[in-house]
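Values below: all heavy atoms of this structure, side chains included; hydrogens, waters and symmetry mates excluded. Chain naming here is simple, since letters A, B, ... match the order of the sequence lines and numbering starts at 1 in each.
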Number of protein chains: 2
Amino acid sequence: MLQNIKVAVDAVVFGYESKKNLSVLLIKRGVEPFKNTWALPGGLVLEDESLEDAVERELLEETGVQIDYLEQLYSFGKPKRDPRNRVVSISYFGLVKPNHFKIQADTDAAEAQWFPITDIPELAFDHKSILDLAKARLKSKLHYQPIGFDLLSKSFPFSDLEHLYTTILEKDIDRRNFRKKLMSFGIIEETGEMSQSGSGRPAKLFQFNTKKYKALAKDGFHFEIKFV
Amino acid sequence: MLQNIKVAVDAVVFGYESKKNLSVLLIKRGVEPFKNTWALPGGLVLEDESLEDAVERELLEETGVQIDYLEQLYSFGKPKRDPRNRVVSISYFGLVKPNHFKIQADTDAAEAQWFPITDIPELAFDHKSILDLAKARLKSKLHYQPIGFDLLSKSFPFSDLEHLYTTILEKDIDRRNFRKKLMSFGIIEETGEMSQSGSGRPAKLFQFNTKKYKALAKDGFHFEIKFV
DNA sequence: TTATTTTGCGTTGAATTTACACAAAACTAC
DNA sequence: GTAGTTTTGTGTAAATTCAACGCAAAATAA
């Protein structure tokens, strides 16, 4: 008996705008099934491309967005997850920095749009489950991997990081302890610049030192932030 | 252009024999490619079965082993990982308790065998990478999930747990602190029985209380063991 | 110039983690 | 059956880490 299963990739891509909400990149489907329903960007993998390449290609085609961080999330393979053919979808988890938010709607898909995580429309297929899983992954990763920096600009005031954590984790932080802890790691450093002040005292700008982090990590260091 | 990609599952199944080594279940391939090479159990997914069903079916067919714990590991999809067709493999991570070690070689595959993790033969395809990933997963999970109990018999002396941790993590433990910590969680309890003494003082037997663990976990409790 | 917003920073008590050693229970060999 | 060996079982003190907490300084807005 010949196997006839399609292989697709789907991407849950998060973005975070300074002091606003966490958002997810969605597209409106142009074809059946679920025509005109919002869905995760993605599509069938080409015969000779890697899964990661497929994700990046589909993202570019459908949204024009370039990703700053990408990792595999989970594979979904229930026989009936697609009403027509059997499709196994390998889902990916992506983050983009604020300077890559711009959507190029020129291309393939009907429409692409950022949705605040608090206001997600009905989604096609089992994409709601995929999104939920991705949210959980993001939340848990914030605790043990310095992944928040892939949602911030290259240089940022400390309060941005703080707000990122509080809004995504939906928990309050003791600002002083949080800052103390993060600084103690020695993986973020002052740029020397100051923020163009908004309404209040201007803030020092910081940046994440990837090299230092990697060096420390190789040396047994383990990033970890807890909350009460 | 029609997509023609096969979907397979592979399983990395670990077993641990009291005070011995960690072992992995392998099969010797009966067909090309890689005929007569050792490989992870697995195979093509049937049209109408779930991925998990496929894993359990293949395991039964090829090794006769029934699994005590199963979770998805990672999906491997490099275009050339199989020299003939394109095959995307969704790999799974499994654990079996000592009472399920027995291999039923009657079935499908040429041969099945437990290999100590310290003495793994050359493996087919990219199965070496898959195994490495599974080892890493096992190691890291031991720290934050009470998964070691799925490698032990239902009731066990405390020293078994201790040895499990030290051999898998290849680190020394302070017995007193380890025991204190684990007992403080309140998820393992005395059975009342004593071990049939080997060569030394007989030991109390313990068992893992799954229900209690789940209740606590739902309530925000987080299993965590660190090592120095 | 006064009020408001936001940043930046230090200390103390509580809790947790680490380091560390010796006696009791069984078996083994004589 | 005695002496030696192996394995189990347990407590305390010092060091570290975590949690709680408030106020002054720099800017903008009114």
**Request:** Kindly write out the residues that satisfy side-chain contact (heavy atoms from CB on, under 4.5 Å) with A:Thr118, not counting sequence neighbours, or none if the list is empty.
**Result:**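 Applying side-chain contact (heavy atoms from CB on, under 4.5 Å) to A:Thr118 gives A:Asn21, A:Pro116.
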Using whole Å, what does the distance between atom [atom2] of nucleotide [N] and atom [atom1] of [X] come to?
X	N	atom1	atom2	result
B:Arg175	D:dG9	CZ	P	8 Å
B:His143	C:dT17	NE2	C1'	16 Å
A:Phe178	D:dC18	CZ	P	14 Å
A:Ile173	D:dC18	CD1	P	15 Å
A:Leu205	C:dT7	CG	P	11 Å
A:Glu190	C:dC9	CD	C1'	13 Å
B:Glu162	D:dT10	CD	P	13 Å
B:His163	D:dT8	NE2	C1'	11 Å

**Message:** Looking only at the aromatic ring of each residue, does the gap between the centers of B:Tyr144 and B:Phe223 stay below 6.0 angstrom?
**Reply:**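 Ring centres of B:Tyr144 and B:Phe223 not closer than 6.0 Å.
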Below 4.0 Å: OP1/OP2 of [N] and any side-chain N or O of [X]:
X	N	result
A:Ser159	C:dT7	yes
B:Arg179	D:dT10	yes
B:Lys180	D:dG11	no
A:Lys204	C:dC9	yes

Would you indicate which nucleotide in [options] comes nearest to any side-chain atom of [X]?
X	options	result
B:Ala203	D:dT6, C:dG10, D:dG9	D:dG9
B:Asn177	D:dG11, C:dC9, C:dT7	D:dG11
A:Arg201	D:dA24, D:dT10, D:dA20	D:dA24
B:Lys19	D:dC21, D:dC18, D:dT8	D:dT8

**Prompt:** Heavy atoms under 4.0 Å, any strand shown: does A:Lys226 hit a base, just sugar-phosphate, or nothing?
**Reply:**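 The answer is nothing, as A:Lys226 stays clear of every strand by at least 4.0 Å.
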**Message:** Here's a test of your reading of the structure: between A:Met194 and B:Pro202, which maps to the more 5' nucleotide of DNA chain D?
**Reply:**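 The residue mapped nearer the 5' terminus is B:Pro202.
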**Prompt:** Relative to the 5' end of DNA chain D, which residue comes earlier, B:Phe206 or A:Arg176, by the nucleotide with the nearest heavy atom?
**Reply:**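 Its nucleotide being nearer the 5' end, the pick is B:Phe206.
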**Message:** Tell me whether A:Lys19 at atom NZ has more than 12 heavy atoms from other residues, nucleotides or ligands lying less than 6.0 Å away.
**Reply:**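 It does: A:Lys19 NZ has more than 12 such atoms within range.
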**Prompt:** Short question: side chain of B:Asp126, backbone of B:Ser129 - any donor-acceptor pair under 3.5 Å?
**Reply:**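 Absent.
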**Item:** Reference residue A:Phe101; test ring pair (Phe, Tyr, Trp, His ring centres under 6.0 Å); the match among A:Tyr16, A:Trp114, A:Phe14
**Value:**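 Of A:Tyr16, A:Trp114, A:Phe14, ring pair (Phe, Tyr, Trp, His ring centres under 6.0 Å) with A:Phe101 is met by A:Trp114 alone.
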